[in-house]
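Just below is one structure, and these are the notes that go with it.
Since this is a predicted model, take the numbers as computed values, not measurements. Labels below follow one simple rule: chain letters A, B, ... track the order of the sequence lines, proteins then strands, and each chain is numbered from 1.
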Number of protein chains: 2
Amino acid sequence: MPTQTKENYLKAMYFLERKGSKIALTDLSKLLDVSTPTANSMVKKLQEDEWVIYQKYKPLQLTEKGRKAAALIVRKHRLTEMFLTKIMGFGWEEVHDIAEEMEHINSDALFDRMDELLGNPTVDPHGSPIPDKSGVLVSRNYEHLSDMSEGQRVRLCSMTDSSTELLVFLNSKNIKLGTEMDILKIESFDQSMIVSYNHHPSMMLSHEVCKRLLVEVVN
Amino acid sequence: MPTQTKENYLKAMYFLERKGSKIALTDLSKLLDVSTPTANSMVKKLQEDEWVIYQKYKPLQLTEKGRKAAALIVRKHRLTEMFLTKIMGFGWEEVHDIAEEMEHINSDALFDRMDELLGNPTVDPHGSPIPDKSGVLVSRNYEHLSDMSEGQRVRLCSMTDSSTELLVFLNSKNIKLGTEMDILKIESFDQSMIVSYNHHPSMMLSHEVCKRLLVEVVN
DNA sequence: AATATTTGTTAGATTAGTCTAACTTTTTAT
DNA sequence: ATAAAAAGTTAGACTAATCTAACAAATATT
């Protein structure tokens, strides 16, 4: 098992890989908020135990071993988030930071028990998929709300980023995962949407927000 | 907030202080399984932020600040143990190692919620007292089972050490916190005790075990 | 009281993780 | 195609936490 710091490097590389395939050192260092030389020397060390493949000036790559390790950290993170919301009663906007620490806890028993108590969940409180015990992640392909058209009915399933600000905003609008919305109108000048859902007959959502909400069309 | 390592030094000093008042560097280094020079240089560093009072060749001392910090770590540890047993269904012999990692998690919200869900417990699953939110620990004065006499009826309330081996042993004998036992006989040659409890009419407990069990007399 | 033992200290080295400054390679833009 | 910009690398230094070897002080033993 790598150190906590190394786990964070693997996790960051995992996210970068899932986003755009090529992992750039600069992106990694920005994501982890360290200097590029720091990230550079760390990936060289990670190579020694075959977590990553490193070649000078080439994009970074995770090995299978490194990818699996990263996925299992993400699994611990997302199970924890689910546990904190479903069992302990936290709001979805409160759980990220706690999970960020708990994901480094070394105890299969703990996370297996969470998994069990939660009934083997497949997504976290923000709709992000939970990798399985062998590190396999099956992610569904949702659409950005911003790409939908007037008249469609959609269900909120996930979001591109789960920043506290976005989650608090959605709380204030009473929008949750699973909330179904009718797209009443799209303002052409700023791409903002007027939607209706539950008991809210007409709510305006800015383009910035719509870009970050992932939905599926309701038949 | 000190680092995780420093928190472990404070916690160790706290235990040593509660056991015999004078904190010796050698004892500290043994408890933490580091060399004496390592412990020595660390207490010097801890002094810089006024966690401890250090004077060459003198016994170590915790400052009020250091003692409170240590107590709050112990609080997190014991709340976690309680949470793992009562809410998550772990056995009392399984929780120490997990709590040892969770005690370093930095989240008042998490531990406050545990406290709440548990109904503000005052002892952990092994009968050890839980310091309150301001770091005050009120510990009851139990007797060692080994110091009791024939004919007395006692209730198991705590133990001097909660090693997995002892806990597993007690599990196998079906002895729990709260179990009331009648001391039927004390063998003079080895101080072992014959006790009866629940549906066990006569059980032999070695002196080694009796020394580690803390009880109170039942009137 | 003198000596032996234990306890504590200093010095110097090592590893993990970080930085800045300077430099090189690759990519982008004119 | 060359210059400018971006990305990546190397060198060297720093802090936290650890070690061993050597030494000093305090305590215990005869």
Taking every heavy atom of B:Val43 against every heavy atom of B:Met13, the minimum-distance pair comes out as CG1-SD, 4.5 Å
Original post:
Do B:Asp27 and B:Lys22 meet the salt-bridge criterion of a basic N to acidic O distance under 4.0 Å?
Top reply: no
Original post:
Are A:Thr5 and C:dA16 close enough that a side-chain N or O sits under 4.0 Å from OP1 or OP2?
Top reply: no
A:Asn40 CG to C:dT18 P, in whole Å, measures 13 Å
In whole angstroms, the gap separating C1' of C:dT9 from CE of B:Met42 amounts to 17 Å
Between NZ of B:Lys22 and P of D:dT27 the distance, given in whole Å, is 11 Å
| task | Look at all strands and tell whether B:Ser35 reaches a base, only sugar-phosphate, or nothing, counting heavy atoms closer than 4.0 Å. | result | base
B:Ile23 CD1 to C:dG8 P, in whole Å, measures 12 Å
note: A:Leu25, atom CG; C:dT26, atom P; distance rounded to Å ~ 15 Å
Between A:Val138 and A:Pro129, the two heavy atoms sitting closest are O-CB, 3.6 Å
Rounded to whole Å, the CG-C1' distance (B:Leu28 to D:dA17) equals 14 Å
A:Asn8 CG to C:dA16 C1', in whole Å, measures 14 Å
Task: Presence of salt bridge, B:Arg67 and B:Glu64, under 4.0 angstrom - done: yes
Closest to the side chain of A:Lys6, out of C:dG17, D:dA17, C:dC19, is C:dG17
| message | Under 4.0 Å, heavy atoms only, any strand: does A:Thr38 hit a base, just the sugar-phosphate, or nothing? | response | base
Separation of D:dA7 atom P from A:Leu16 atom CG, nearest Å, is 13 Å
Next item on the list: Give B:Ser41 one of three labels, base, sugar-phosphate or nothing, depending on what nucleic acid heavy atoms sit under 4.0 Å from its own.
Entry: base
So, with a heavy-atom separation below 4.0 Å from DNA chain C, the residues of residues 44-61 of chain A are A:Lys45, A:Tyr57
Of the listed C:dT18, D:dT18, D:dT20, the closest approach to the B:Val34 side chain comes from D:dT18
ask   = Just to confirm, is there a sub-4.0 Å distance from OP1 or OP2 of D:dG8 to any side-chain nitrogen or oxygen of A:Thr36?
value = no
Closest heavy-atom pair, B:Tyr14 versus B:Ala70, reported as atoms and distance to 0.1 Å, is CB-CB, 3.5 Å
(message) OP1 or OP2 of D:dT18 versus the side-chain N and O atoms of B:Tyr9: is any pair under 4.0 Å?
(response) yes
- request: Please confirm whether B:Arg113 makes a cation-pi placement over A:Phe90, using NZ or CZ under 6.0 Å from the six-membered ring centre and within 45° of the ring normal.
  value: yes
message = Checking B:Trp92 against B:Asn171 for the side-chain hydrogen bond (donor to acceptor under 3.5 Å, both in side chains) test, could you report, in this order, the C-alpha distance in whole Å, the side-chain angles of both residues, the deciding distance, and whether it holds?
response = CA-CA 9 Å; B:Trp92 65 353; B:Asn171 280 348; 2.9 Å; yes
